[in-house]
Amino acid sequence: MMRAFLVVMDSVGIGGAPDADAYFNGDLPDTGANTLGHIMQACAEGRAEEGRSGALNVPNLASLGLFHALTLASGMEAPSPKLSGRFAAATEVSKGKDTPSGHWELAGLPVPWDWHYFPDTHPAFPADISAKAAELAGTTGILANCHGSGTVMIEQFGTEHVETGFPICYTSADSVFQIAAHEEHFGLDRLYDLCKGLAPILHEMKVGRVIARPFVGEPGNFTRTPHRKDFAITPPSSVLTNWAQDAGRAVYAVGKIGDIFSMTGIDEVRKGPDATLMEHLSDWVETGEDGSLTFANFVEFDSEYGHRRDISGYARHLEWFDVELGKLLARLRDGDMLVITADHGNDPSWSGTDHTRERVPVLVAGKGAGEIGQIAFADVAASIAAHLNIPAQGPGRSFL
């Protein structure tokens, strides 16, 4: 039996979403956003000024078809190296530009409802939700209660949080309720319990995730820790992980995949920062049994560089990922299929701090070389199921 590896480079969009004009960052639509394309352009401009080669240096991704997919999705001219893999540009049908929508659909399940979003006002949350959060926290109130970037929220409210014990509650353009709290002054388990207690109420409202955002440090020097935990709505129907598990296959999760799918259909999950996640993925490339599925998410493209609009940091992370990918490709077994894709965009050159509505690349190693074409997100799940020779459900069609 053959193995499959599905790897999500969180937020590495390639532009060209046909409905981008319906999605906004602040007052500006996402029309024209292109995460990879604008990073590539910025590298060429910035590095040339420094007297260095201007190319974004990702030879392994390029060989699999990353730049070919960029051109296919957005029409942007890009290098066209000789191909060692197959490539496609995938378009999402679910409404939204967030983590659950993208991952669920990649796993074969377009979101069957409209997510609930909180308004960009102050306060952002209904009074009863704020009161319930305070009650579960054992406090008389909450802080923030607005849209905001996580690092900004901690800088702005961290000192008051330490002094009062009130949790810092905020949201964004995504369907999320985020709670930041100090691991030592508030307590990590207490933060998890607060999020777990609030999650069912918000899930009933179709808020996609309640996210614990722990941090440490002292006033003026607060930093987030890797102990983030997402409490997400359980998918209402079976997804790729269920299909594989129901067929008797081992299913491994790397990163926040376990949180996104509420551990449904997953046998084991390993978490950590991206460098550690790459070690975990490497372990399962080495030891994963025949017929297994490994589903990985590398979040720092999004969390560390996209939301923070750090173009150079995003470029460096792409180049780091490419080096590590080369090591993985060399160790794949005969019959393995490795699929690299993304869940949405987060153009670091764009206005605001939110995700951007984009098409995403689908790069396939182990199935020959050439163009697949324009596909749907759900086709990724159908294709992996076909490779693993397991029954598939949902609207996707295999490109194999």
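All values below come from the heavy atoms of this structure, side chains included, with hydrogens, waters and symmetry mates left out. Keep in mind that this is a model prediction, so the values were computed, not measured.
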Are His122 and His147 close enough that their ring centers fall under 6.0 Å?
no

Find out whether Lys367 and Val364 are in side-chain contact, i.e. whether some heavy atom of one side chain is under 4.5 Å from a heavy atom of the other.
yes

Which one of Leu106, Ile260, Leu109 satisfies the side chain to side chain contact (heavy atoms under 4.5 Å, CB included) criterion with Val239?
Leu109

Within a strict 4.5 Å, meaning less than it, do heavy atoms of the Thr71 and Glu77 side chains meet?
no

If you measure from the Lys or Arg side-chain nitrogens to the Asp or Glu carboxylate oxygens, is any gap between Glu371 and Arg86 under 4.0 Å?
no

Would you mind checking if Lys97 and Asp354 are paired as a salt bridge, meaning a charged N to carboxylate O distance below 4.0 Å?
no

Any Cys169 side-chain heavy atom under 4.5 Å of Ile179 side chain
yes

Can you say whether the rings of Phe177 and Phe118 are parallel (under 30°), tilted (30 to 60°) or perpendicular (over 60°)?
perpendicular

So, are Arg397 and Asp379 salt-bridged, with charged N and O less than 4.0 Å apart?
no

For the pair Asp30 (side chain) and Ala20 (backbone), establish whether a donor and an acceptor sit closer than 3.5 Å, ignoring hydrogens and angles.
no

Are the side chains of Leu83 and His68 in contact, using a 4.5 Å heavy-atom criterion?
yes

Would you say Gln374 and Arg359 make side-chain contact, with heavy atoms under 4.5 Å?
yes

Thr341 side-chain N/O to Pro361 backbone N/O, donor-acceptor pair under 3.5 Å:
yes

Within the side chain of Asp343, is there an N or O that forms a donor-acceptor pair under 3.5 Å with the backbone of Ser11?
yes

Salt bridge check: are Arg228 and Asp259 linked by an N-O gap of less than 4.0 Å?
no

Looking at Arg209 and Asp98, does any basic side-chain N land under 4.0 Å from a carboxylate oxygen?
no

Would you say that Leu56 contacts Leu36 through its side chain, given a criterion of any heavy-atom pair below 4.5 Å between the two side chains?
yes

Does Arg357 pair with Glu92 as a salt bridge, N-O distance under 4.0 Å?
yes

Do Arg316 and Glu319 sit within salt-bridge range, that is, some charged N less than 4.0 Å from a carboxylate O?
no

Please confirm whether the backbone N or O of Asn346 pairs with a side-chain atom of Thr35, one donor and one acceptor, at under 3.5 Å?
yes

Aromatic contact, His185 with Phe215 (centres under 6.0 Å):
no

When the aromatic ring centroids of Phe157 and Tyr170 are compared, is their separation below 6.0 Å?
no

Are any non-hydrogen side-chain atoms of Phe5 and Val339 less than 4.5 angstrom apart?
no

Going by heavy atoms in the side chains, are Thr99 and Val176 under 4.5 Å from each other?
no

Does the distance from a Lys or Arg side-chain N to an Asp or Glu carboxylate O, for Asp10 and Lys256, drop under 4.0 Å?
yes

